[in-house]
Chemist: 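The structure follows.
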Amino acid sequence: MNEKPRLNRADFYRDVYEVVKLVPKGRVTSYGAIARYLGAAKSARMVGYALNNCMDRADVPAHRVVNRLGLLSGKHHFPTEDAMAERLMAEGIVVQNDQVQSFSEKFWDPNEALSFD
DNA sequence: CACTTGACTTATT
DNA sequence: TAATAAGCCAAGT
């Protein structure tokens with residue numbers, strides 16, 4: 001299987017949006033998981049960058065993306081400090097102290113979900 | 001054109 | 001176990 005580690009910037013961003021949109025309601029994923037799914041595990045930062053651009057798009061549930069520890073690392077980028085937590089809790093996710101509770105249970109990995117063959 | 005910063009992750013000390 | 005360093009890639013200054 002030949003892979004293209006170097007995705008086009010625009011494609012990478014677009015893919016990030018796609019994957020984030022694929023995150024089921026009540027679930028969360030991590031930057032690394034998305035990056036890895038896209039074939040750029042080390043480019044987890046770029047995922048965050050992409051999401052920052054996606055903030056203008058209401059169709060991208062960026063609030064479902066947290067860091068690998070389940071921390072709402074991106075909450076500071078939301079319109080309000082608690083917007084991210086509020087949205088997550090509105091979807092049934094328990095967030096406390098800016099941290100997703102039962103993160104392991106709520107964690108949704110695109111690699112697993114899409115590899116359900 | 002070079003340097004700094006950033007919604008991260010993994011490895012090493 | 002916790003703290004620090006390095007790796008990664010893009011965008012802004």
Side-chain angles (χ1 to χ4, degrees):
Chain A
M1 295 294 260
N2 56 330
E3 291 124 309
K4 256 297 185 168
R6 229 173 272 152
L7 299 163
N8 291 338
R9 309 183 287 293
D11 289 344
F12 182 77
Y13 275 43
R14 199 180 59 221
D15 278 341
V16 171
Y17 307 146
E18 292 286 306
V19 177
V20 174
K21 285 190 227 170
L22 290 173
V23 177
K25 183 183 171 189
R27 298 278 183 177
V28 291
T29 190
S30 68
Y31 307 94
I34 296 172
R36 188 160 64 172
Y37 172 65
L38 298 179
K42 308 112 182 182
S43 303
R45 292 176 129 154
M46 304 295 87
V47 177
Y49 251 54
L51 288 175
N52 198 0
N53 274 274
C54 97
M55 289 307 279
D56 295 324
R57 301 181 162 211
D59 43 304
V60 182
H63 59 271
R64 291 181 190 154
V65 185
V66 298
N67 73 355
R68 81 175 188 86
L69 300 175
L71 296 171
L72 279 57
S73 44
K75 67 170 269 170
H76 248 234
H77 296 263
F78 274 75
T80 59
E81 292 293 300
D82 291 335
M84 192 171 185
E86 292 279 317
R87 287 189 179 196
L88 286 172
M89 287 191 282
E91 306 210 336
I93 298 176
V94 182
V95 179
Q96 203 160 68
N97 195 11
D98 302 334
Q99 185 173 9
V100 176
Q101 303 303 300
S102 309
F103 178 60
S104 301
E105 291 181 41
K106 307 293 183 183
F107 183 59
W108 180 85
D109 192 339
N111 298 284
E112 286 187 18
L114 303 180
S115 291
F116 199 91
D117 105 341

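It should be emphasised that the depicted structure is a prediction, and the values quoted were computed from it without experimental measurement. Proteins get letters first, then strands, A, B, ... in listed order; numbering begins at 1 in each.
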Chemist: Do you know which two heavy atoms are closest between A:Ser43 and A:Ala35, and how far apart they sit?
Modeler: C-CB, 4.1 Å
Chemist: Does B:dC8 have OP1 or OP2 sitting under 4.0 Å from an N or O in the side chain of A:Arg36?
Modeler: no
Chemist: When you compare the side chain of A:Met84 with that of A:Val66, does any pair of heavy atoms fall below 4.5 Å?
Modeler: yes
Chemist: Take atom CG of A:Asn53 and atom C1' of B:dA7, then tell me their distance rounded to the nearest Å.
Modeler: 12 Å
Chemist: Separation of A:Phe12 atom CZ from C:dA10 atom P, in whole Å?
Modeler: 9 Å
Chemist: Filter on salt bridge (Lys or Arg N to Asp or Glu O under 4.0 Å), then keep only pairs touching residues 48-60 of chain A, sequence neighbours left out; what's left?
Modeler: A:Lys21-A:Asp59
Chemist: Need to verify one output field. Residue with the more 5' nearest nucleotide on DNA chain B, A:Ala33 or A:Tyr49?
Modeler: A:Tyr49
Chemist: Which whole-number value in Å describes the distance from A:Leu71 CG to B:dC8 C1'?
Modeler: 12 Å
Chemist: Please tell me which of the listed nucleotides, C:dC8, B:dT9, C:dA11, lies nearest to the side chain of A:Tyr13?
Modeler: C:dA11
Chemist: Quick one: does A:Val23's side chain get under 4.5 Å of A:Val28's, heavy atoms only?
Modeler: no
Chemist: For the pair A:Thr29 (side chain) and A:Trp108 (backbone), establish whether a donor and an acceptor sit closer than 3.5 Å, ignoring hydrogens and angles.
Modeler: yes
Chemist: Measure from the side-chain heavy atoms of A:Leu51 and tell me the nearest of B:dA7, C:dA11, C:dC9.
Modeler: B:dA7
Chemist: Look at the aromatic rings of A:Phe103 and A:Phe107 and report parallel, tilted or perpendicular, splitting at 30° and 60°.
Modeler: tilted
Chemist: Can you confirm whether A:Asp109 sits close enough to A:Arg36 that some side-chain heavy atom of one is under 4.5 Å from a side-chain heavy atom of the other?
Modeler: yes
Chemist: Taking only heavy atoms on the protein side, list every residue of residues 75-90 of chain A lying under 4.0 Å from any atom of DNA chain B, sorted numerically.
Modeler: A:His77, A:Phe78
Chemist: Have a look at A:Asn52 and say if it touches a base, only the backbone sugar-phosphate, or nothing, with a 4.0 Å heavy-atom cut-off.
Modeler: base
Chemist: Contact class for A:Ala62 (heavy atom, under 4.0 Å): base, sugar-phosphate, or nothing?
Modeler: base
Chemist: State the dot-bracket string of DNA chain B. Criteria: Watson-Crick or G-U wobble, both atom distances under 3.5 angstrom; notation: ( ) intrastrand, [ ] crossing earlier pairs, | interstrand, . unpaired.
Modeler: .|||||.||||||
Chemist: How many whole angstroms separate atom CZ of A:Phe103 from atom P of B:dC8?
Modeler: 13 Å
Chemist: Check the distance between C:dA2's C1' and A:Leu69's CG and give it to me in whole angstrom.
Modeler: 13 Å
Chemist: A:Gln99 has an atom CD; how far is it from atom C1' of B:dA7, in whole Å?
Modeler: 16 Å
Chemist: Please state the C1' separation for the pair B:dA7 and C:dA3 - nearest whole angstrom.
Modeler: 22 Å
Chemist: Whether the side chain of A:Arg45 and the base of C:dC9 hold a donor-acceptor pair under 3.5 Å is what I'd like checked.
Modeler: no
Chemist: Output the distance between atom NE2 (A:His63) and atom CE (A:Met55), rounded to the nearest 0.5 Å.
Modeler: 10.5 Å
Chemist: Whole-Å distance between B:dA7 P and A:Met46 CE?
Modeler: 10 Å
Chemist: Is any side-chain heavy atom of A:Arg64 closer than 4.5 Å to one of A:Lys25?
Modeler: yes
Chemist: Can you check the A:Leu38 CG to B:dT9 P distance for me, whole Å?
Modeler: 14 Å
Chemist: May I ask you to test the A:Val16-A:Val65 pair for a side-chain heavy-atom distance under 4.5 Å?
Modeler: no
